[in-house]
Amino acid sequence: MATTPDRPGCHGLAASLIERLHAVQQLAVAMQRPLSDVMGVASFYHLFRLVPPPLHRCVVCRGTACFVRGAERLEAGLRQSLVAQHGVERGTAGRGRRNS
């Protein structure tokens, strides 16, 4: 089911999103499956995103070799720096502090 975002009556992202959600509902109906099954499968796969990813992502390796080489200290330093300079906490998609 393709959607055409530029067709008459379709204004921007909100309309496109509603059309796509409606397409998911139609898919569930066509497959004779509850919408909860579709959501269950979508939420199971970690590479399938239900929300947009953050603009930037910082990941520190936690493998044995990285641990031995100081990954824990690196992560602690990065976390401290991100909080101090930008107000970003671990596991958040924060936009940082605003200068007001």
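Quick caveat: nothing in here was measured; it's all calculated off a predicted structure. Heads up: numbering here begins at 1 and tracks the sequence.
- Following chains of ILVMFWY side-chain contacts shorter than 4.5 Å, one can reach Met39 starting from Val41, so the two form part of one hydrophobic cluster.
- Residues satisfying the side-chain contact (heavy atoms from CB on, under 4.5 Å) criterion with Gln25, sequence neighbours excluded, are His22, Leu35.
- Rounding to the nearest 0.5 angstrom, the gap separating the CG atom in Leu74 from the CZ atom in Arg79 is 10.5 Å.
- Under the side-chain contact (heavy atoms from CB on, under 4.5 Å) criterion, Arg33 pairs with Met31, Asp37, sequence neighbours left out.
- Heavy atoms only, all atoms of each residue included: Ala71 and Cys61 are closest at CB-O, 3.3 Å.
- Residue Val59 is found outside any hydrophobic cluster, as its side-chain heavy atoms come under 4.5 Å of no other Ile, Leu, Val, Met, Phe, Trp or Tyr.
- Under the side-chain contact (heavy atoms from CB on, under 4.5 Å) criterion, Arg62 pairs with Glu75, Arg90, not counting sequence neighbours.
- Every side-chain contact (heavy atoms from CB on, under 4.5 Å) that Cys58 has, sequence neighbours left out, goes to Leu78.
- Every residue meeting the side chain to side chain donor-acceptor pair (under 3.5 Å) condition with Ser81, not counting sequence neighbours, appears here in chain and number order: Gln85.
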